[in-house]
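Data block below; observations after.
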Amino acid sequence: MPIPELDLAAKLLDASASAMLAGKFSLAASLLVQADFPEIMKYARRAVGPLSVEVHKSIKRPKCLPDCDRHPTRMPSVIAQRAIFERDGWRCRFCGTKVICKVARAVITNAFVIEARWTGKEFQKHSALYALASSLDHVVPHGRGGENEDSNFVTACYCCQFGRGEWTLEESELYDPRLREPVHDEWDGLSRLAAYSTQFHLG
C-alpha cells in the first residue's frame, strides 16, 4: 500500500514545477527540498531492495523465457509510451500513486543539481523523484511471454514496476490493474515542464 507521503510529495513537486514556470526559482527549490521525505525512500527500499515474502510473496525469482522466445520488441515507441501515460492519467495503475514524466525529472535535476540530489547511488537520490518515476509495466511480463501491445501495458510507479519484477499477477497476488478505470484530473505528471527543457537545462 502506498504511504501518504507519496501524495504529499507529488503535490509539492507540482507546486515546484509551477514555481519554476513562473520564474520563482527560490520557491521551486524550497518546495523540491520539502518533497524529499525520508519515509519515501524507506518505502522504496522495501519494494525494490532484497526480496521478502512479506512484500514480494516469494524470494525465488521466476523462470523466464530465453531471449529468443520472447517478443522481439520489448517497449513501444516514445510517442506510444507518452500516449499510454496520458491514457492512465499519469498514475500507477497498481497503487494509484501519481507519477512524474522522466523528461520533467531531467529538467528538475538539471536546474536544481543540489536540491534534486540525483546522485549515482540509488538509495541516496531525492526520494520523490526516485519513487514517483513513471514507467511502463507489462501486465503479462515480457520475460514470461508478454506481448508488446498497448493492452498489455499499464503505467506504474518505480516501486510497483521493479518490485513486481517478472512475476505474474497471480504469483504476486495482485488484482488486474486494467480492471480499474484510470483517474483523469489536472495531474499531468509535470509533463508541462518538458516544453521548457532547453530553458531550464543548466547542467
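Quick caveat, the model's predicted, so the values are computed rather than measured.
- Of all the heavy atoms in Gly89 and His184, the pair that sits closest is N-CE1, 3.6 Å.
- A donor-acceptor contact shorter than 3.5 Å is absent between the side chain of Arg45 and the backbone of Phe123.
- Looking at Glu122 and Tyr130, their side chains do bring a donor and an acceptor atom within 3.5 Å of each other.
- Checked by atom type and distance alone, the side chain of Gln161 never pairs as donor or acceptor with a backbone atom of Ser135 at under 3.5 Å.
- No donor-acceptor pair closer than 3.5 Å links the side chain of Arg164 to the backbone N or O of Ser172.
- With rounding to the nearest 0.5 angstrom, the NE2 atom of His71 is 9.5 Å from the CG atom of Asn152.
- The cluster map of Ile, Leu, Val, Met, Phe, Trp and Tyr, joined by side-chain heavy atoms under 4.5 Å apart, puts Leu27 and Val107 in the same cluster.
- Of the inter-residue distances, the one linking Glu86 atom CD with Gln81 atom CD reads 12.5 Å to the nearest 0.5 angstrom.
- Residue Ile3 is grouped with residue Phe37 when hydrophobic side chains (ILVMFWY) are merged at heavy-atom distances under 4.5 angstrom, including chains of intermediate members.
- Tyr43 and Leu174 end up in different hydrophobic clusters when Ile, Leu, Val, Met, Phe, Trp and Tyr side chains are linked at under 4.5 Å.
- Hydrophobic clustering keeps Ile84 apart from Leu169 (ILVMFWY residues linked when any side-chain heavy atoms are closer than 4.5 Å, directly or through intermediates).
- By the rule that hydrophobic residues join a cluster once side-chain heavy atoms approach within less than 4.5 Å of another member, Leu13 and Leu8 end up as members of one cluster.
- Between the side chains of Ser134 and Arg105, no donor-acceptor pair is found at a separation under 3.5 Å.
- Considering every non-hydrogen atom in both Cys92 and Ala156, the closest pair reads SG-CA, 3.7 Å.
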Applying side-chain contact (heavy atoms from CB on, under 4.5 Å), run through Arg46 and Met41 and close with a yes or a no. CA-CA 9 Å; Arg46 291 185 69 227; Met41 191 54 75; over 6 Å; no
Give the C-alpha distance, both sets of side-chain angles, the deciding distance and a yes or no for side-chain contact (heavy atoms from CB on, under 4.5 Å) between Leu21 and Arg192. CA-CA 9 Å; Leu21 294 174; Arg192 62 190 183 279; 3.8 Å; yes
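- Judged by distance alone, the side chain of Asn110 and the main-chain N or O of Ala106 form a donor-acceptor pair under 3.5 Å.
- Residues satisfying the ring-ring contact (aromatic ring centres under 6.0 Å, His included) criterion with His138, sequence neighbours excluded, are His142, Phe153.
- The backbone N or O of Val139 sits nowhere less than 3.5 Å from a side-chain atom of Asp137 that would complete a donor-acceptor pair.
- Looking only at distances, a side-chain donor or acceptor of Lys125 sits under 3.5 Å from a matching main-chain atom of Thr119.
- Taking NZ from Lys11 and CG from Leu6, the interatomic distance works out to 12.0 Å, rounded to the nearest 0.5 Å.
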Would Lys98 and Asp185 count as a salt bridge (Lys or Arg N to Asp or Glu O under 4.0 Å) if you check the C-alpha gap in whole Å, the side-chain angles of each, and the deciding distance to 0.1 Å? CA-CA 11 Å; Lys98 295 173 181 174; Asp185 54 19; 5.5 Å; no
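- Heavy-atom neighbours of Ile114 CD1 from other residues, nucleotides or ligands within 6.0 Å: at or below the threshold of 12.
- How far CE of Met75 is from CG of Asn148: 7.5 Å, rounded to the nearest 0.5 Å.
- When all heavy atoms of Leu32 and Ala116 are compared, the closest pair comes out as CD2-N, 3.8 Å.
- Between the Arg178 side chain and the Ser151 main chain, a donor and an acceptor come within less than 3.5 Å of each other.
- When atom types are taken as modelled, the side chain of Asp88 and the backbone of Pro182 share no donor-acceptor pair closer than 3.5 angstrom.
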Step by step, would you call Leu136 with Val154 a side-chain contact (heavy atoms from CB on, under 4.5 Å)? CA-CA 6 Å; Leu136 290 188; Val154 291; over 6 Å; no
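- Residue pairs satisfying the ring-ring contact (aromatic ring centres under 6.0 Å, His included) criterion with at least one member in residues 80-102, sequence neighbours excluded, are listed as follows: Phe85-Trp90.
- For the residue pair Ala104 and Gly189, the shortest heavy atom distance occurs at CB-O, 4.3 Å.
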Step by step, work out the side chain to side chain donor-acceptor pair (under 3.5 Å) result for Ser77 and Arg82. CA-CA 9 Å; Ser77 68; Arg82 173 65 179 262; over 6 Å; no
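- Separation of atoms CD (Glu173) and OG (Ser58) is listed at 10.0 Å; rounding is to 0.5 Å.
- Counting heavy atoms from C-beta outward, Ile108 and Met20 have side chains that approach closer than 4.5 Å.
- Within 6.0 Å of the CZ atom in Arg61, the count of heavy atoms belonging to other residues, nucleotides or ligands does not exceed 12.
- Other residues, nucleotides and ligands place more than 12 heavy atoms under 6.0 Å from the CZ atom of Arg70.
- Remark: Asp14 CG to Leu12 CG distance equals 9.5 Å, nearest 0.5 Å.
- Val103 places none of its side-chain heavy atoms less than 4.5 Å from the side chain of Leu193.
- Checked by atom type and distance alone, the side chain of Trp187 pairs as donor or acceptor with a backbone atom of Val99 at under 3.5 Å.
- Looking at Glu171, its side chain does come within 3.5 Å of a backbone N or O of Thr168 through a donor-acceptor pair.
- Of all heavy-atom pairs between Ala9 and Ala35, the closest is CB-O, 3.6 Å.
- Scanning both residues, Ala131 and Ile40, for their nearest heavy atoms gives CB-CG2, 3.6 Å.
- Listed by first and then second residue, the side-chain hydrogen bond (donor to acceptor under 3.5 Å, both in side chains) pairs that reach into residues 28-41 are Ser30-Gln34, Asp36-Arg117, Asp36-Ser127, sequence neighbours excluded.
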